[in-house]
Amino acid sequence: MAFSLSDLKKVYGSRTVLDIPSLEIESGKIYTLTGPNGSGKTTLLNILALLEKPSSGRMFYKGRQIQFSESVLQDLRRSIVMVAQHPILFTTTVYKNIEFGLKIRKISRLKRKYTIEKALDLVGMRDFENAQAHRLSGGETQRVAFAQALAVAPDVLFCDEPTASIDVENQAAIINILRQANESEKTTIIFTTHDRAQAGALAHETLSLENGRLTGQSRENIFNASFSGIEGNMAKCTIRSGLDIMLPEELVVNREKVFRLLINPEEMDFGDGKSDTASGRSYKGTVKQISEENSSIYINVDIGIPLSLIMKREKYLQNPPFVGLSVNVVIPPEAVSII
Amino acid sequence: MDYLLDSLYSAILLAVSIDAELLTVVSVSLKVSSSSTILASVIGVPLGVFIAFKTFRGKRLVITVLNTLLALPTVVIGLLVYSFISRRGLLGAFDLLYTQKAIIIGQTILIVPVVATFTIAAISRIDIRYRKTALTLGASWFQAACVVIREARFGIFAAIIAAFGRVISEVGISMMLGGNAKGFTRTITTAMALEYDKGEFTLAIALGIILLSLSFGINLLFHFFQGRTEA
């Protein structure tokens with residue numbers, strides 16, 4: 001086990017930004033951390049990367065409880081590295097930037113040279129060895145930051161939105177770098193992303209944060225909604241104008257405020273087009289994306305809001321939809337919950 | 001007007017000639033100002049770094065006090081140091097009064113706040129990510145601080161230049177603690193004041209030209225260095 005967290009909290013003033021009763025991160029796996037902006041993803045990464053202290057709770061790394069004293073942290077940080085969302089490189093050459101972490105570890109000059117060249121090869125930046133780091137583009141900076149991190153051969157690598165602000169070509173390069181690091185060095189990788197397809201393609205596990213809490217659910221299909229009336233024994237909740245979702249009346253406790261609604265992607269299905277069926281309300285939409293991950297099929301449908309459905313491969317193959325197809329999505333009330 | 005132009009012409013001739021008295025005055029000035037700047041940098045830069053990095057109770061108050069000390073009149077420092085190093089003072093036994101050392105002590109006190117506050121400002125302007133990057137790559141607190149200092153080097157260098165500019169042009173401390181002794185503690189500014197008292201404008205203007213040239217030269221050097229490093 002790489003990390004184990006227990007009753008971990010981070011409080012800023014009177015605001016609890018992180019509240020994690022329990023979390024375990026296994027060694028050698030790739031985790032993705034998803035959640036909306038402000039859900040606590042970066043705070044959690046900073047705490048795990050030992051760059052921030054939690055307000056309370058216990059943290060274990062490789063079975064050892066972490067004491068947040070500078071000498072202990074410095075020692076532990078030698079095997080844990082974080083690449084920030086917008087990494088910054090020291091105002092010197094690319095070579096010296098990568099050399100920094102190696103020099104600190106007192107690695108010999110010859111071995112440093114070999115490691116730096118290997119790291120630059122890995123990220124495809126060998127030609128930039130002597131370039132001034134602060135003159136690189138965003139994507140190049142990101143790649144050098146990865147070379148800087150991987151050169152020190154960390155056991156755990158944290159990446160905050162590693163592909164958020166770079167072009168498609170660089171995104172593919174970064175994903176490759178992460179995959180390679182995990183496969184060849186068994187590096188445990190935890191990265192945050194808003195890109196669900198990327199998360200699914202790369203990660204073994206997904207962690208979802210919502211208001212500083214782990215939801216245990218993937219972030220998809222979480223929407224802001226407000227109560228807008230009762231129909232029969234069901235509460236009608238409006239996600240956006242003209243798009244109402246029905247759910248059991250007793251679930252809507254607070255009818256005044258906006259609340260977060262989760263539609264379970266595994267409990268929806270395609271219907272025959274009748275506006276309401278016994279199994280739930282039907283919504284017209286268009287298939288936007290289909291992907292396969294771990295023998296499940298992920299289908300993104302636009303019904304006025306982007307909605308994800310997950311179904312088993314066998315079920316999908318019975319009547320497979322294709323991208324651009326008009327479909328009717330049935331959302332049964334039991335698929336809807338308030339978080 | 002003719003008188004002023006004549007004085008200026010004579011002063012330029014004097015400034016470019018190798019006049020022994022002029023050279024002595026300039027060398028004393030450079031010696032004490034450089035010494036006090038080095039001393040103030042040794043104290044002020046680490047002090048600024050410490051204050052910029054550490055979070056402690058009363059930090060704002062310390063910065064406010066340092067900012068206030070920027071406006072400390074040289075005569076007040078002169079008086080304060082005089083009270084310590086005069087014969088009857090606490091450090092009277094060291095016989096420091098009217099020596100170059102006395103000027104250096106006074107000038108150091110004058111510019112430590114300059115170096116420290118400008119260092120704090122220079123470091124505060126440096127992106128927090130530099131420090132985080134250093135830490136996550138395994139640096140100690142000290143190593144991470146060195147990274148930030150390196151990134152803030154131009155700002156810190158500017159602080160030292162500003163401090164040198166302050167001491168080379170001050171007159172109060174040099175006069176009160178140095179005593180304007182010819183060949184020993186006579187600096188550019190005290191010599192200018194003396195020549196003015198005597199009504200001898202030629203030497204005063206010549207010294208003024210040298211003072212300005214010195215200041216210009218140092219700034220030129222600073223910009224040259226900065227330009228090269230950023231290239």
Side-chain angles (χ1 to χ4, degrees), chain A residues 42 45-53 69-93 96-107 119 132-135 141 144-160, chain B residues 45-57 59-60 118-161 221-231:
Chain A
T42 304
L45 277 201
N46 277 334
I47 289 174
L48 288 170
L50 311 174
L51 294 171
E52 261 185 67
K53 255 188 201 179
S69 72
E70 200 47 49
S71 57
V72 175
L73 291 182
Q74 193 201 334
D75 195 33
L76 289 176
R77 280 193 205 114
R78 298 267 161 114
S79 57
I80 300 166
V81 176
M82 169 137 161
V83 177
Q85 183 178 0
H86 302 288
I88 202 161
L89 298 172
F90 308 134
T91 45
T92 179
T93 61
K96 286 190 173 169
N97 263 278
I98 304 174
E99 196 181 31
F100 179 82
L102 300 169
K103 260 187 170 174
I104 279 173
R105 286 162 179 79
K106 295 188 169 62
I107 289 166
Q132 286 296 321
H134 60 284
R135 300 239 165 110
T141 301
V144 173
F146 273 101
Q148 203 178 29
L150 294 171
V152 298
D155 291 338
V156 187
L157 177 66
F158 296 101
C159 319
D160 195 3
Chain B
V45 172
L47 180 67
V49 170
F50 179 83
I51 294 169
F53 275 130
K54 282 283 175 186
T55 311
F56 56 90
R57 195 183 281 268
K59 181 171 169 170
R60 274 166 172 260
F118 282 21
T119 301
I120 294 169
I123 285 178
S124 306
R125 273 198 299 270
I126 297 300
D127 199 311
I128 183 84
R129 288 176 296 165
Y130 282 113
R131 191 162 172 248
K132 273 194 169 181
T133 305
L135 286 176
T136 199
L137 290 171
S140 64
W141 188 93
F142 179 72
Q143 286 165 327
C146 287
V147 165
V148 177
I149 292 168
R150 193 183 173 280
E151 294 300 330
R153 61 194 179 279
F154 296 127
I156 295 172
F157 195 44
I160 295 168
I161 296 280
L221 191 74
F222 172 61
H223 286 291
F224 175 71
F225 173 72
Q226 190 175 24
R228 271 179 65 99
T229 316
E230 282 184 345

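Every chain is numbered from 1, with letters handed out A, B, ... down the list of sequences.
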### Message
So which atom in Thr91(A) and which in Arg150(B) form the shortest heavy-atom distance, rounded to 0.1 Å?
### Response
O-NH1, 3.4 Å
### Summary
The reported gap from CD in Glu99(A) to CG in Leu137(B) (rounded to nearest 0.5 angstrom) is 12.5 Å
### Task
Go through the structure and list residues passing side chain to side chain contact (heavy atoms under 4.5 Å, CB included) with Ile88(A), not counting sequence neighbours.
Asp127(B), Arg129(B), Tyr130(B), Thr133(B)
### Task
Check the surroundings of atom CZ in Phe142(B): do more than 12 heavy atoms from other residues, nucleotides or ligands lie under 6.0 Å from it?
no
### Message
Can you confirm whether Lys53(A) is buried at NZ, in the sense that more than 12 heavy atoms of other residues, nucleotides or ligands lie under 6.0 Å from that atom?
### Response
no
### Task
Tell me, for Phe100(A) versus chain B, whether the close heavy atoms (under 4.5 Å) come from the side chain, the backbone, both or neither.
side chain
### Task
Below 4.5 Å from any heavy atom of chain B, which atoms of Pro154(A) appear? Answer side chain, backbone, both or neither.
neither
## Note on the structure
Among residues 74-82 of chain A, those lying within the under-4.5 Å heavy-atom range of chain B are Gln74(A), Arg77(A), Arg78(A), Ile80(A), Val81(A), Met82(A)
### Query
Closest approach of Leu51(A) and Leu135(B), non-hydrogen atoms and distance?
CD2-CB, 4.0 Å
### Message
Using heavy-atom distances under 4.5 Å, tell me whether Leu102(A) contacts chain B through its side chain, its backbone, both, or neither.
### Response
neither
